Protein chains: 4
Amino acid sequence: MDKNRLESFSDGVIAIILTIMVLELKVPQEPTLAGLGHFWPVYVAYLLSFGNVFMMWVAHHDIVAAIRTVDYPLLFANGVLLFFMSLVPFALAFASETHWMEPVPVALYGVVMLAASGGFVWLRLAAGTHSRDAQVLAYQRAQARTTLVLGFAFLGGSTVALYAPRAALFLYALVPLFRVGQTYGRSRAGA
Amino acid sequence: MDKNRLESFSDGVIAIILTIMVLELKVPQEPTLAGLGHFWPVYVAYLLSFGNVFMMWVAHHDIVAAIRTVDYPLLFANGVLLFFMSLVPFALAFASETHWMEPVPVALYGVVMLAASGGFVWLRLAAGTHSRDAQVLAYQRAQARTTLVLGFAFLGGSTVALYAPRAALFLYALVPLFRVGQTYGRSRAGA
Amino acid sequence: MDKNRLESFSDGVIAIILTIMVLELKVPQEPTLAGLGHFWPVYVAYLLSFGNVFMMWVAHHDIVAAIRTVDYPLLFANGVLLFFMSLVPFALAFASETHWMEPVPVALYGVVMLAASGGFVWLRLAAGTHSRDAQVLAYQRAQARTTLVLGFAFLGGSTVALYAPRAALFLYALVPLFRVGQTYGRSRAGA
Amino acid sequence: MDKNRLESFSDGVIAIILTIMVLELKVPQEPTLAGLGHFWPVYVAYLLSFGNVFMMWVAHHDIVAAIRTVDYPLLFANGVLLFFMSLVPFALAFASETHWMEPVPVALYGVVMLAASGGFVWLRLAAGTHSRDAQVLAYQRAQARTTLVLGFAFLGGSTVALYAPRAALFLYALVPLFRVGQTYGRSRAGA
């Protein structure tokens, strides 16, 4: 399979995941600032989910840019990754429905994010092996390691969620914050 | 018509079908593990629908890769295929609404999947004829035969659904499992 | 503006319009054949709306294929067309909500379809003028005339809807039927 | 990163934002002209939101057309812009839910539009700096200034909304009207 079609199909799926999350943003019952304020964890969670999915798209591009063709293991890993990513709007809706106050939905959000991170680790290793280039493989392995380490924020958040759901939100926010900081750092270095 | 535009439009439609299915994943009333567990057939059905639609996209690519131009019979067969595929989220929502426990919605899911398989058979035969190449025609015919044979799992599932709806779910799962196994086999062969 | 970006953006919008209509397909309350049968006008309307929007995509391609660049009048006409097309899912939902039995929603469906037809007439004339080629202009004018004539089915349907809403559904079906017949005719002629 | 992928991903996101707004167009309870008429501010708001987002797409193309490559600051500014644009369907739904009669939702619509305008100012300045071309930078600065000036209509609308919500709708309409007028002017000048 030509990598362009994998790329454009994945772009389409990620763009839809990113954008339909806004459909889960429930409108407050009371059309007042208090009504909006009551929902603050929902809006914070939307912001960090948007940030996470956007950075996932950047990472997906980074992976696909390093390969030339697509074989079945890559296609399969990509399908698994998109499946886990497709659960993000569901996990966001479930946790938001309970105002990020119930342990199970908030923990599930972290589990879904962790699964998506696992999908990225898998895709990076598959892309590295596929490239048959020691340098590319080393790069993909290093990136996969960072993703794995960041996954601990989701794992930790999921665990914390069982005792203090809203505190988990702050742990979940670490990943997009780190990714944005990293991007900012690279952009300064590149300047 | 240029085949690129057919390809990118079909990719767009399939990406949306794949992704809006998550909007039908209803959030459990009770934010507990029991609440989630209660919905297990809904989540299994989402997983297998995602798998099926993803493998349909792979098949669509395989068909379009073998042709050079698009004529009206191909365009028409493609439209019919996309129509049947567009019913998948509806059939999934209908069967999920009743927790995969009512005969009619579960049987309808199989009928819609069978219709989509029929759309693929039609498109493959149209693409084979259009190619005016005996080898391509033979390949498309062989593939269409496999799709037809796998269609029996949907037909069987629809029939079983009338007596034991949840058992049908296992029959429906055969198709994505077979397709994933086939892909895995090819990937090993290619290694 | 490069015509490729207009094409791909329009493709995206039309693909989404085509596919989100399925979200308006309400699941029957009763999970029985009688429950499904009760909704038959809704399903017929979905089928003909899908057919209409799909044929609109074919027409859009036909228009854009004949031009080389995009100027502001074309961009503007394209925006107006997409706006009217974006109302199709709304008009479908409104008429479907009342089971195609109330005059106003059924008449509105015809008005929206007529407005989309008007958008196509405008875009074809703009594309013909823009081409500065007498043959292209004549072709676009002839096509615009056909669209205008078919618009009478929508106008007639809207009028009939005020007295017999469900009868209007048959008039609305004339356009996709004619377009499919025309496509079929061309495909035989081309064979 | 290749600018084509940024372009096509952004196109996808903007196309989805543009099209899912129609899902927020609630169907009137009463299937009558009075029922529809009751919702007029909702329909006017849909029209002007569609116009605004469509003109934002035109502006986005204009920005990306002037650059050759994409670096991290541009990627980041683009993400922020898409985030603010993704809130437009939410703000539209919130204000429409209250029939554009409550101060807070109507003011929030203006704030979201202002934030999106700010995203455009940022992206234009980033694109101008990135180009390392004095002429491009001057052009992007001039365009950013226009966007900033038009932002006052949103700021004014938000302020007016606190006292007379529906009057704000007219202030918000100024921006798409100006943009359409400008486009029309350019199209005449180019003719």
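Each chain gets a letter, A, B and so on, in the order its sequence line appears, and its residues count up from 1. The figures that follow rest on heavy atoms only: side chains count, while hydrogens, waters and symmetry mates do not. Nothing here was measured: the structure is a model prediction, and the numbers come from that model.
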**Q.** Residue, of A:Pro105, A:Ser8, A:Pro89, that accumulates the most heavy atom pairs under 4.5 Å with chain B
**A.** A:Pro105
Q.
A quick test of your reading: do over 12 heavy atoms of other residues, nucleotides or ligands sit less than 6.0 Å from OH of A:Tyr43?
A. yes
Q | Residue selection (most heavy-atom pairs with chain A, distance under 4.5 Å) from B:Val180, B:Ile16, B:Leu47 | A | B:Leu47
Q: Decide if atom CZ of B:Phe170 counts as having more than 12 heavy atoms of other residues, nucleotides or ligands within a radius under 6.0 Å.
A: no
Q) Quick one: what part of B:Leu18 sits under 4.5 Å from any heavy atom of chain A, side chain, backbone, both or neither? A) side chain
Q. If every non-hydrogen atom of B:His61 is compared with every non-hydrogen atom of A:Arg5, which pair is closest and at what distance?
A. CA-NH1, 2.8 Å
Q: Could you check whether the rings of B:Trp57 and A:Phe9 sit parallel, tilted or perpendicular, using 30° and 60° as the cut-offs?
A: parallel
Q. Could you state the interatomic distance from NZ (B:Lys26) to CZ (A:Phe94), rounded to the nearest 0.5 Å?
A. 14.5 Å
Q.
How close do A:Val13 and B:Ala15 get, counting heavy atoms only, and between which atoms?
A. CG2-CB, 3.8 Å
Q: Apply side-chain contact (heavy atoms from CB on, under 4.5 Å) to the pair A:Leu82 and B:Phe50, showing each step before the final yes or no.
A: CA-CA 10 Å; A:Leu82 292 181; B:Phe50 192 97; 4.1 Å; yes
(Q) Nearest 0.5 angstrom please: B:Phe54 CZ to A:Phe83 CZ, how far? (A) 12.0 Å
Q) Hey, what do you get for CZ (A:Phe76) to CE (B:Met55), rounding to the nearest 0.5 Å? A) 8.0 Å
Q.
Could you measure the distance from the OG atom of A:Ser86 to the CD1 atom of B:Ile20? Nearest 0.5 Å is fine.
A. 12.5 Å
(Q) I'd like to verify something: which residue of A:Thr98, A:Val106, A:Asp71, A:Leu75 has the highest number of heavy-atom pairs under 4.5 Å with chain B? (A) A:Leu75
Q. Is atom CZ of A:Arg141 surrounded by more than 12 heavy atoms (other residues, nucleotides or ligands) closer than 6.0 Å?
A. no
(Q) Using side-chain heavy atoms (C-beta onward) and a distance below 4.5 Å, is B:Leu25 in contact with A:Leu87? (A) yes
